[in-house]
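Some notes on the structure that comes next.
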Amino acid sequence: MNRVKEIKELIRQEVLAALSRAEKIGQLPAGEPPAFAIDAPRDKNHGDFAVNIAMIMAKAAGKAPRVIAQIIVDHFAKELDWLDKLEIAGPGFLNFYLTPGYFHPVLTAVLAEDQAYGSSDFGGGRKVQIEFVSANPTGLLHMGNARGAALGDSLGNVLSAAGFSVSREYYINDAGNQIENFGKSLEARYLELLGEKIVFPEDGYQGEDITETAKLILEREGDRFLHIESSLRREFMIQAGLQEKLSAIRRSLENFGVHYDVWFSEQSLHDKGKIQETVNILGEKNLLCEKDGALWLKATAFGDEKDEVMVRASGVPTYFAGDIAYHRDKFERGFQTLIDIWGADHHGHVARMKGAMGALGYNPDDLEVILMQLVRLLRGDELVRMSKRSGQYITLDELMEEVGRDAARFFFVMRSADSQMDFDLNLAKSQSSENPVYYVQYAHARIHSLLKMAKEPLLGDSLEGGGNQPWSQADLSRLIHPAELELIRKLADLPEEIIQAAIDREPHRLPRYAMDLAALYHSFYTECRCLVEDMPLRQARLLLSDATRIVLRNVLQLIGVSAPERM
RNA sequence: GCGCCGUUAGCUCAGCUGGAUAGAGUGACUGGCUACGAACCAGUAGGUCGCAGGUUCGAAUCCUGCACGGCGCACCA
């Protein structure tokens, strides 16, 4: 049930009807009515919904906003069963006050729909693919990857709840230079462990995890690679190392609650000739040229600042060429919308990627790139420099250990992708019990405890009837306290909230909603006792609590945070 | 030099397709547990929305310029 959407539509229709009646008798100039907003005002004294059409029409109609508003009110239908009161306020707002109890049916709907409450078919099953994290498998996942993982997964949840068909994908960069360096680094550590004198490769990965991986290989395979040709040895190191790293990455993400539908290998594009195929297509479209022995994409032809190399003079295709082939492959697989989540340091790549998609005949707007500002890691006032190459970074696993999965996910999802985050480890640790996530979880646990108690036979004889009656049939008209009404109103918002988050690709709306809802519940809980002697009132409040429990749980689930029954 | 993101309460951040008195968390202060979970509630204090212009009934929100911070501008990925 999406009561908010329904009432907005009713208001829209009635406003347009009143408008047309006024036009007919010439009080307002005829013409296409402008788009106007129907919003819930911030201040609840301004009614349930406010309409701004009078101000928007003012100029064209040549009348003052309040005069127009009055005309609309004069022509407004009388005796609408949902409308209690219609007022003109401020500069010319039309404030709608709904019949008390208008949103009450939402409560029974929440209980009936349960897990599905909040979901909708808004997206119409449009096939959306989200690619996120896609960290190089040459190391472990760090804070930036953690943010991307939390964001991408929640966005996937939100889109899915809004009726899109979502596929999550991880692009494995298992080809190219860095993989060579990875192999060289492993080889060096492997030889080192066997007591050989080595010179560590200049561009090598110095992290301890590389040594760990080398150790694992040594334990498993012994020294049988000691005396073989270096290129063979490296090849093996790469294979074994990749396998090891990928399973570690996968394990970390699973622990973080992130599951992928597809793990896609860059190397597979090379193996299947997909890159060559894509280059050929670009060539057929006359978008390639040769210069200095390399094959260039004429990116300037579709508005980019400069041309880009596709195939190096050495004959090896660039990463960019592979990425174009990869995104082409996504479209070929039937996805209608592609969403990539990238670190802000890749923003220069966006325009040419979209341009390339356009050049291949796809709609560039069907590729959306969400740029995520980078995470700066602090310990108190001290900036922790992070570099994968030097091995100086806090891993996702360490983060989960220090801060906890729920807190970490809530924290990351809470912030918009646009904000650059300072993540103070000391603060995160010291504030771990002050984290808003516990505030929301507490509300959930509290309700669970309340409902559990309500199901038990009551202590003492003062309350008649026991507590075993179901509350699903409760008389909702008993819910009239302001705290109850506000809470109900918030519960009614969920479907629209999810749809809006999906449209804007902004999962960070959800933690806000969850905090607001939890606050309203806590407030209700303090002001309204549930386990009262008045049995109908008791049942109604229990139903309201139960509905809140369901909504809290559903939202936490979208964020990727657990909804504990006790804590 | 060019481009992208940011600048809002002491701190961390929402609010940005223009709307009414700019919000939350945290920190500070004051109250509230002999009744369902005080990891809670109620209240107080705290703001030139980076600066300067412009657009209009109305600007934190849109436009222009500037300042400061972050990140890019490879035959790296």
Using a 3.5 Å cut-off and no angle test, enumerate the donor-acceptor pairs between side-chain atoms of residues 506-519 of chain A and protein atoms at least two apart in sequence or in another chain.
unit_1	atom_1	unit_2	atom_2	d
A:R509	NE	A:E497	OE2	3.4
A:R509	NH2	A:E497	OE2	3.3
A:Y513	OH	A:K490	O	2.6

Among B:rA77, B:rC75, B:rC4, the one nearest A:W296 by side-chain distance: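 Nearest to the side chain of A:W296 among the choices is B:rC75.
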Shortest side-chain distance from A:Q373, nucleotide among B:rG72, B:rG37, B:rC5: B:rC5
Return the 5'-most residue of the pair A:H349, A:D345 with respect to RNA chain B, ranking by each residue's nearest nucleotide.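 Looking at the nearest nucleotide for each, A:D345 comes out on the 5' side.
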Pairwise 5' ranking along RNA chain B for A:S416 and A:V309, keeping only the more 5' one: A:S416
So which nucleotide does B:rU61 pair with, by the Watson-Crick or G-U wobble rule with both distances under 3.5 Å? none
Ignoring backbone atoms, establish whether [X] has a side-chain N or O less than 4.0 Å from OP1 or OP2 of [N].
{"X": "A:R446", "N": "B:rA38", "value": "yes"}
{"X": "A:S523", "N": "B:rA42", "value": "yes"}
{"X": "A:H508", "N": "B:rG15", "value": "yes"}

Yes or no on side chain to side chain contact (heavy atoms under 4.5 Å, CB included) for A:R541 and A:C528, after CA distance, side-chain angles and deciding distance? CA-CA 8 Å; A:R541 286 182 172 166; A:C528 303; 3.5 Å; yes
Establish whether the base of B:rG72 is bridged to the side chain of A:H346 by a donor-acceptor pair shorter than 3.5 Å.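 Absent.
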Taking the cut-offs as 6.0 angstrom to the six-membered ring centre and 45 degrees off its axis, would you call A:R147 and A:F132 a cation-pi pair? no
Going 5' to 3' along nucleotides 19-25 of chain B, which nucleotides have protein heavy atoms under 4.0 Å from the base (write B), which only from the sugar-phosphate (write S), and which from neither (write -)? BBB---S
